[in-house]
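Report on the following structure.
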Amino acid sequence: MILDRILDFKSYLGFCFYDYDFLPETLEVLVTTYLRSHSLLKGFEDVDLDEYIDLMPVDLKELYIESKRDEGTIEKKLLEEKNIEKDIITELHSAIALIQNHSIELINKDEVEVSNEIFRMTKRLFKKTFNIEIEREAQIGRAKVKLGETDFVLYINDNSYQNIAIIENKFIEDFLKQYEQLLGYLNTCFKFGITLSINKAKTLDSAIEYILEKLKNIDDEEFPIVNIINNPFGDEYNYIIKSEHKLPEDSNKTMPIYHLILNLYDDSRQRIAQKARK
């Protein structure tokens with residue numbers, strides 16, 4: 001009996017799937033029905049068309065989103081998509097806090113070794129949490145005579161490919177170089193950028209002031225900074241700076257960049273710990 005059903009192509013979908021609203025023909029009928037009369041679709045209580053927005057034909061998708069906007073019900077979904085920016089930054093902030101708990105193990109490591117530690121900490125975390133891939137030292141943008149290499153590229157490669165963000169990290173003394181490299185890579189296909197400054201020589205408040213001062217004194221006609229915000233997500237996620245600059249390709253749009261610090265400076269705690277052990 002089961003073998004007969006598997007071999008029967010007509011019954012194959014029903015045998016393998018609990019429902020198949022995602023099929024193009026079925027989805028087109030459901031969306032068209034909804035657009036003609038919302039009440040007609042209320043009988044299908046187990047069908048949530050919002051789950052199939054990405055699979056809709058382009059023309060029906062635009063009509064559906066417009067209709068849902070009029071109802072005010074699509075805004076929540078769009079807001080959730082927008083909040084992924086905050087979620088990624090705050091998750092990275094938490095990962096940095098974990099790394100800082102073992103700062104003594106990193107204090108003598110160079111930039112590449114510290115970058116590898118960040119990569120190991122976040123690769124699986126971002127995949128499981130956001131379905132986002134992280135690629136280390138990806139060739140993108142431009143250097144002097146060839147493609148440059150970013151420290152990290154974040155992207156989604158699922159039903160479609162989406163660029164999400166680029167992370168550049170260097171020692172804090174090279175902040176300007178780090179920032180300028182990021183601008184060279186961060187094209188209009190990305191949603192935002194991140195600088196991650198490795199700090200071994202300054203107190204944390206001095207490091208924040210150092211970055212703020214550098215940002216305020218940047219004068220670039222092609223990438224003018226139009227906004228600088230300290231602690232954009234509140235005190236719960238402190239020591240984060242957000243800047244926004246206009247895009248040279250489209251001056252009506254801005255690109256956000258978040259500036260984080262991996263703080264490995266703990267001279268005062270080392271001294272008191274050594275004093276306690278004498």
>> Please give me the minimum heavy-atom distance between L106 and V114, naming the atom from each residue.
In response: O-CG2, 4.5 Å
> If you round to the nearest 0.5 Å, how far is SG of C189 from CD1 of I166?
Replying inline: 10.0 Å
> Who are the ring pair (Phe, Tyr, Trp, His ring centres under 6.0 Å) partners of F119, not counting sequence neighbours?
Replying inline: none
>> Please enumerate all residues that pass salt bridge (charged side-chain N to carboxylate O under 4.0 Å, His left out) together with K170, with sequence neighbours excluded.
In response: E111
> Taking the side chain as C-beta and beyond, is there a heavy-atom pair between I118 and F152 under 4.5 Å?
Replying inline: yes
>> Please report the interatomic distance CD1(I107) to NE2(H102), rounded to the nearest 0.5 Å.
In response: 15.0 Å
> What residues, two or more places apart in sequence or in another chain, satisfy side chain to side chain donor-acceptor pair (under 3.5 Å) together with N101?
Replying inline: none
> Taking C-beta and beyond as the side chain, do L92 and I167 meet within less than 4.5 Å on heavy atoms?
Replying inline: yes
>> I'd like to check the side chain to side chain donor-acceptor pair (under 3.5 Å) partners of K123; sequence neighbours left out, ordered by chain and number.
In response: none
>> Would you say that V153 contacts I164 through its side chain, given a criterion of any heavy-atom pair below 4.5 Å between the two side chains?
In response: no
> So do the side chains of I194 and I89 get within less than 4.5 Å of each other, counting heavy atoms only?
Replying inline: yes
> Looking only at heavy atoms, which two atoms of N238 and H93 are closest? And how far apart?
Replying inline: O-NE2, 3.0 Å
>> I need the I240 CD1 to K86 NZ distance, nearest 0.5 Å.
In response: 10.0 Å
> Side-chain donor-acceptor pair under 3.5 Å between D151 and S115, yes or no?
Replying inline: no
> Between A95 and T122, what is the shortest heavy-atom contact and its length?
Replying inline: CB-CG2, 4.0 Å
> Considering residues at least two apart in sequence or located in another chain, which fulfil the salt bridge (charged side-chain N to carboxylate O under 4.0 Å, His left out) criterion with K177?
Replying inline: none
> Do the side chains of K202 and Y265 get nearer than 4.5 Å, heavy atoms only?
Replying inline: no
> Can you name the residues that form a ring pair (Phe, Tyr, Trp, His ring centres under 6.0 Å) with Y155, not counting sequence neighbours?
Replying inline: Y161
> What's the spacing between I228 CD1 and I211 CD1 if we round to 0.5 Å?
Replying inline: 11.5 Å
> Do any N or O atoms from the side chain of N199 and from the backbone of F171 form a donor-acceptor pair under 3.5 angstrom?
Replying inline: no
> Can you hop from I198 to L98 via hydrophobic side chains spaced under 4.5 Å?
Replying inline: yes
> Roughly how far, to the nearest 0.5 Å, is CD1 of I132 from CG of D87?
Replying inline: 9.5 Å
> At their closest point, which heavy atom of F190 faces which heavy atom of A165, and how far apart are they?
Replying inline: CD2-N, 3.6 Å
>> Looking at Q178, is its backbone amide N or carbonyl O close enough to the side chain of Q181 to form a donor-acceptor pair, meaning the two atoms are under 3.5 Å apart?
In response: no
>> Taking the side chain as everything from C-beta on, heavy atoms only, tell me whether Y239 gets closer than 4.5 Å to N263.
In response: no
>> Determine whether a donor-acceptor pair (N or O, by modelled atom type, separation under 3.5 Å) exists between the side chain of T129 and the backbone of F126.
In response: no
>> Is the shortest side-chain heavy-atom distance between I96 and Q100 below 4.5 Å?
In response: yes
>> To the closest 0.5 Å, what do you measure between CG (L154) and NZ (K191)?
In response: 12.0 Å
Side-chain donor-acceptor pairs under 3.5 Å in residues 250-261, sequence neighbours left out?
from	atom 1	to	atom 2	distance (Å)
D250	OD1	N252	N	3.1
Y258	OH	E85	OE2	2.4
H259	ND1	T195	OG1	2.7
H259	NE2	S243	OG	2.8

> Do I229 and I208 belong together in a cluster built from hydrophobic side chains that touch within less than 4.5 Å?
Replying inline: no
>> Quick test of your reading: applying salt bridge (Lys or Arg N to Asp or Glu O under 4.0 Å), list the pairs with at least one residue in residues 214-232, sequence neighbours left out, ordered by first then second residue.
In response: none
> With sequence neighbours left out, what residues match E117 under salt bridge (charged side-chain N to carboxylate O under 4.0 Å, His left out)?
Replying inline: R120
> Which residues satisfy the salt bridge (charged side-chain N to carboxylate O under 4.0 Å, His left out) test with E105, sequence neighbours excluded?
Replying inline: none
> What salt bridge (Lys or Arg N to Asp or Glu O under 4.0 Å) pairs are there with at least one residue in residues 229-249, not counting sequence neighbours?
Replying inline: K242-E244
>> Give me the atom names and distance for the closest heavy-atom approach of E91 to L125.
In response: CG-CD2, 3.8 Å
>> Can you pull out every ring-ring contact (aromatic ring centres under 6.0 Å, His included) where at least one residue sits in residues 195-232? Sequence neighbours excluded, please.
In response: F223-H245
